[in-house]
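Report on one structure; see the data block that follows.
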2 protein chains.
Amino acid sequence: MVYNKTKKVLAKQNLLRKKILAAAKEVMAEEKSGNFSIKTIAQKAGIATGTFYLYFTSKEALIENVVQELYTELLALIKEERSHYSDVFDKLQASMEVCIRTFLQKKQMAKILLKFFPEINYTVNNKFIDIEKDLIRFVKEDIDELLAAGFIPPQDSLVSATAFVGTFREVMLSWLNNEKPVDWELAYRTLIEYNMRAIGKK
Amino acid sequence: MVYNKTKKVLAKQNLLRKKILAAAKEVMAEEKSGNFSIKTIAQKAGIATGTFYLYFTSKEALIENVVQELYTELLALIKEERSHYSDVFDKLQASMEVCIRTFLQKKQMAKILLKFFPEINYTVNNKFIDIEKDLIRFVKEDIDELLAAGFIPPQDSLVSATAFVGTFREVMLSWLNNEKPVDWELAYRTLIEYNMRAIGKK
DNA sequence: GCAAGAAATGAACCACAATTCATTTTATAG
DNA sequence: CTATAAAATGAATTGTGGTTCATTTCTTGC
């Protein structure tokens, strides 16, 4: 005979799954943690190590879940913000602003997406989405549009888009590693204008 | 009684040390290798695993040696090239050109410095020199000089320098990962001009 | 309340990799 | 050539961490 789960049990399980994900995020966001153990996560979530495997098939699956969740969240924020503008320069600027704001505000997300994920993504090669490539593709679309309209000088749009994303990774990472600027307003403006001038906005 | 090494043995040992370093570089430059084993390196160098520890105190020491060697080589190339110019814009451009040329030419160096090293540098936290920080400092000095002379608009020079280095890491990495541009000349120009425009060269 | 199913447990299993060390091989010096 | 020092060897040691599984605890449906 097969027993059915009651709503109460289902709710408890959902909660536990979330608890594990939350614990994983915490652990992943900590320093020095390209290598974390399931044991640590289980402990933080208040379960036995074996229980973890009732909720996730493997460590890899867990990571994929966490990263996918965070990336989706970030993309949604960017898309929402961009929808308020029609001018491509404005859209680009809005994307940059929302990225900076989000990463400054959600340190855990920033650490996992900018630091932890690229770190392990190489080792588990191509098993996960390549977030940076994805973002580069989006920026490239904007640059191509500006190029087609003749608003910016000739350039290899893929290289420019790659460079563009590179400035963010590097600067946000330096901030995460506690090299905070003295004048936030100037730092913030500098990063945005750096890229605006770079693609050739007059 | 203590025996003295003959020249022949000394030479052989020097050679073996170099052989191990060469094997290490090969292995480190290979895909998926934030994690490589001493066994693999010993095998590639044609020695027993135990022998490795007669030449290096630990895996960590080996990595530090390799990275230090490559970084010193790169810095020397940059400094040499810069010495031919006095104008700061020219010096910056020369630095960029020599970086691109060197990394395109020495794939192994590029893979180790751009990919392998940042990957493991986090885990062995701050045990090694922070290459990127070092490079950023150099770029910052140039930008500060340009700022002082009023040649470029006001900006947070540390943020700009960080962004500057970030474009290189991201673009060179994408090239290493085999996303080669169709038109090399345009790609090359794009990366250099991206940063020149970005800091505000008129 | 109870028998059978489902979930949770954590010790045990396994694979792997850094490092060590007893033993073997090679080099030195008289 | 030989006695001893030095170098090389690779199997054994140690530590770690992902995953499994026999056992215990909790749930379900009557």
Side-chain angles (χ1 to χ4, degrees), chain A residues 1-21 23-24 26-28 30 32-66 116 119-120 123-125 127-128, chain B residues 1-21 23-24 26-28 30 32-66 116 119-120 123-125 127-128:
Chain A
M1 193 201 182
V2 176
Y3 291 157
N4 290 316
K5 293 175 186 173
T6 57
K7 269 188 193 165
K8 196 179 136 201
V9 167
L10 257 171
K12 196 180 117 197
Q13 291 186 332
N14 272 337
L15 205 72
L16 188 44
R17 192 169 204 280
K18 275 181 192 155
K19 212 168 166 186
I20 295 174
L21 281 169
E26 254 187 79
V27 173
M28 287 183 200
E30 267 158 27
K32 302 183 204 176
S33 7
N35 40 356
F36 61 89
S37 73
I38 298 301
K39 232 170 237 172
T40 312
I41 286 173
Q43 221 165 306
K44 195 155 256 176
I47 57 172
T49 58
T51 310
F52 170 84
Y53 288 91
L54 299 175
Y55 287 82
F56 295 90
T57 56
S58 66
K59 187 184 184 180
E60 227 174 74
L62 170 74
I63 295 175
E64 189 171 7
N65 239 287
V66 167
F116 169 89
E119 216 175 307
I120 53 112
T123 63
V124 193
N125 233 353
K127 196 89 198 352
F128 308 138
Chain B
M1 192 201 184
V2 177
Y3 291 160
N4 289 317
K5 291 176 188 174
T6 57
K7 269 188 194 165
K8 200 180 131 198
V9 167
L10 256 171
K12 197 181 118 195
Q13 289 187 335
N14 272 336
L15 204 74
L16 188 46
R17 192 170 204 281
K18 274 181 194 157
K19 211 167 165 187
I20 296 174
L21 281 169
E26 254 186 79
V27 173
M28 286 182 198
E30 268 159 26
K32 304 182 203 176
S33 4
N35 41 355
F36 63 89
S37 73
I38 298 300
K39 227 172 241 170
T40 312
I41 285 173
Q43 222 165 306
K44 195 155 257 175
I47 57 172
T49 58
T51 309
F52 171 84
Y53 287 91
L54 299 175
Y55 288 82
F56 295 90
T57 55
S58 66
K59 187 183 183 180
E60 225 174 75
L62 170 75
I63 295 174
E64 189 171 7
N65 240 285
V66 168
F116 170 89
E119 215 175 307
I120 54 111
T123 63
V124 192
N125 235 352
K127 196 86 199 340
F128 308 136

Could you tell me the separation between the CD atom of A/Glu60 and the C1' atom of D/dG17, rounded to a whole number of Å? 15 Å
Within this structure, what is the NZ-to-C1' distance between B/Lys39 and D/dG10, rounded to whole angstrom? 9 Å
Rounded to whole Å, the CG-C1' distance (B/Leu16 to D/dA7) equals 10 Å
Any side-chain heavy-atom pair from A/Leu54 and A/Gln13 closer than 4.5 angstrom? no
Using atom CZ of B/Phe56 as one end and atom P of C/dA17 as the other, report the distance to the nearest whole Å. 20 Å
Applying a 4.0 Å non-hydrogen cut-off, can you work out what B/Thr51 is touching in the nucleic acid: base, sugar-phosphate, or nothing? base
Flag side-chain contact, heavy atom, 4.5 Å: A/Phe56 against A/Ile63: no
Might you point out which heavy atoms bring A/Phe36 and A/Lys59 nearest each other, and give the distance in Å? O-NZ, 2.8 Å
Quick one: A/Phe52 CZ to D/dT19 P, roughly how many Å, whole number? 8 Å
Would you say A/Lys59 places a side-chain N or O within less than 4.0 Å of OP1 or OP2 belonging to D/dG18? yes
Find out whether B/Glu30 and B/Thr40 are in side-chain contact, i.e. whether some heavy atom of one side chain is under 4.5 Å from a heavy atom of the other. no
Within less than 4.0 Å of OP1 or OP2 of D/dA7, is there a side-chain N or O belonging to B/Tyr53? no
What is the per-nucleotide protein-contact pattern of nucleotides 23-30 of chain C, from the 5' end, where B denotes a base atom under 4.0 Å from a protein heavy atom, S denotes such proximity for sugar-phosphate atoms only, and - denotes neither? ----SBSS
B/Leu21 side chain reached by B/Arg17 side chain, heavy atoms, under 4.5 Å: yes
Kindly say if A/Thr49 contacts the phosphate of C/dG10, meaning a side-chain N or O under 4.0 Å from OP1 or OP2. no
Testing the basics here: between A/Val66 and A/Ala24, what is the closest heavy-atom pair and its distance to 0.1 Å? CG2-CB, 4.1 Å
A/Leu54 CG to C/dA6 P, straight-line distance once rounded to whole Å: 13 Å
Would you kindly give the CD1-to-C1' distance between B/Ile38 and D/dA12, to the nearest whole Å? 18 Å
Mind calculating the distance between CZ (B/Phe36) and P (C/dA17) to the nearest angstrom? 12 Å
For A/Tyr55, report the nucleic acid contact type (base, sugar-phosphate, nothing); a contact means any heavy atom under 4.0 Å. sugar-phosphate
Are A/Phe52 and A/Leu62 close enough, and set up right, to give a side-chain contact (heavy atoms from CB on, under 4.5 Å), and what steps lead you there? CA-CA 10 Å; A/Phe52 170 84; A/Leu62 170 74; 3.8 Å; yes
